[in-house]
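What follows is a short report on a single structure.
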Amino acid sequence: QVQLVESGGGLVQTGGSLRLSCVAIGRTFSDYNMGWFRQAPGKEREFVAAITRNSGSLHYGDSVKGRFTVSRDHAKQMVYLQMNSLKPADAAVYLCAADSPWSNRGLGPKDWREYDYWGQGTQVTVSS
């Protein structure tokens with residue numbers, strides 16, 4: 001019911017910043033909790049950040065706390081991930097995900113299995 005398209009990835013130097021965007025195409029965007037995950041080749045999918053439907057609750061993975069900020073704009077149907085102080089370990093495909101309240105699995109926002117819709121991902125490369 002929701003299509004997600006990420007953008008904003010690219011190549012940055014260690015210590016640099018990137019701002020990722022995710023646009024949601026659908027009629028019920030405001031009802032969805034949204035998450036960001038990342039996955040590098042040969043690595044498991046890792047939780048990055050999540051934001052609730054009303055922006056009342058934010059969650060971050062331990063490895064990005066203090067460096068990344070998640071936000072959303074309901075009017076634009078956009079979710080953002082501001083990434084600062086980037087490290088080579090941050091290099092991955094970053095995926096936007098939507099958690100439908102009508103198919104809640106009760107696993108929590110940090111578990112990728114909670115989410116129902118996924119974007120194709122945007123590549124982030126960090127040079128050392």
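- Under the 4.5 Å side-chain contact rule for hydrophobic residues, Trp118 and Val2 do not share a cluster.
- Residues Gln120 and Val5 form no side-chain contact, since every pair of their non-hydrogen atoms from C-beta on lies 4.5 Å or further apart.
- Judged purely by atom type and a 3.5 angstrom limit, Gln77 uses its side chain to pair as donor or acceptor with the backbone of Gly26.
- Between Pro88 and Ser128, the closest heavy-atom pair is CG-CB, 3.8 Å.
- For Val12, the side chain to side chain contact (heavy atoms under 4.5 Å, CB included) partners at least two apart in sequence or on another chain are Leu18, Leu86, Val126.
- Shown here are the side chain to side chain contact (heavy atoms under 4.5 Å, CB included) partners of Lys65, two or more places apart in sequence or in another chain: Tyr60, Asp62.
- The minimum heavy-atom distance between Glu46 and Ser63, with the atom names listed, is OE2-OG, 3.1 Å.
- Geometric assessment of Arg72 against the ring of Phe29 yields a positive cation-pi assignment under the 6.0 Å and 45° thresholds.
- In plain terms, the two heavy atoms of Arg105 and Glu114 that are nearest each other are N-OE2, 3.0 Å.
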- Message: Could you walk me through whether Phe37 and Lys110 satisfy the side-chain contact (heavy atoms from CB on, under 4.5 Å) test, starting with their C-alpha distance in whole Å, then the side-chain angles of each, then the deciding distance to 0.1 Å, before giving a yes or no?
- Response: CA-CA 9 Å; Phe37 291 78; Lys110 299 181 179 181; over 6 Å; no
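- Under the salt bridge (Lys or Arg N to Asp or Glu O under 4.0 Å) criterion, Arg53 pairs with Asp31, sequence neighbours left out.
- Residue Leu107 shares its hydrophobic cluster (ILVMFWY side chains chained together at separations under 4.5 Å) with no other residue.
- Partners of Asn84 according to the side chain to side chain contact (heavy atoms under 4.5 Å, CB included) rule, which considers only residues two or more places apart in sequence or in another chain, are Ser17, Gln82.
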- Message: Using the rule given for side-chain contact (heavy atoms from CB on, under 4.5 Å), can you reason through Leu81 versus Phe68, listing the C-alpha separation, both sets of side-chain angles and the distance that settles it, and then say yes or no?
- Response: CA-CA 7 Å; Leu81 184 69; Phe68 291 11; 4.2 Å; yes
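- Not a single donor-acceptor pair under 3.5 Å links the side chain of Ser21 to the backbone N or O of Ser7.
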Only distances under 3.5 Å count here; give the side-chain donor-acceptor pairs of residues 93-103 to other protein atoms, sequence neighbours excluded, each with its distance to 0.1 Å.
{"residue": "Tyr94", "atom": "OH", "partner": "Arg38", "partner atom": "NH1", "Å": "2.9"}
{"residue": "Tyr94", "atom": "OH", "partner": "Asp90", "partner atom": "O", "Å": "2.6"}
{"residue": "Ser100", "atom": "OG", "partner": "Trp102", "partner atom": "N", "Å": "3.2"}
{"residue": "Ser103", "atom": "OG", "partner": "Asp116", "partner atom": "OD1", "Å": "2.6"}
{"residue": "Ser103", "atom": "OG", "partner": "Asp116", "partner atom": "OD2", "Å": "2.9"}

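- The minimum heavy-atom distance between Ser71 and Arg19, with the atom names listed, is OG-NH2, 4.3 Å.
- Hydrophobic clustering (side-chain heavy atoms under 4.5 Å, transitive across Ile, Leu, Val, Met, Phe, Trp, Tyr) groups Val48 together with Val124.
- Residues Val79 and Tyr115 do not share a hydrophobic cluster, clusters being chains of Ile/Leu/Val/Met/Phe/Trp/Tyr side chains in contact below 4.5 Å.
- For the pair Val70 and Ala49, the tightest heavy-atom approach, listed with the atom from each and the gap, is CB-CB, 3.9 Å.
- In this structure, Tyr32 contributes its side chain and Tyr117 its backbone to no donor-acceptor pair below 3.5 Å.
- The main-chain N or O of Ser127 is found under 3.5 Å from a side-chain atom of Thr14 such that the two form a donor-acceptor pair.
- The aromatic ring centroids of Trp36 and Phe47 lie 6.0 Å or more from each other.
- Around atom CD of Gln3, no more than 12 heavy atoms belonging to other residues, nucleotides or ligands sit under 6.0 Å away.
- Between Glu6 and Gly121, the shortest heavy-atom contact is OE1-N, 2.8 Å.
- Ile51 is not listed as a side-chain neighbour of Asn33, based on a closest heavy-atom distance of 4.5 Å or more.
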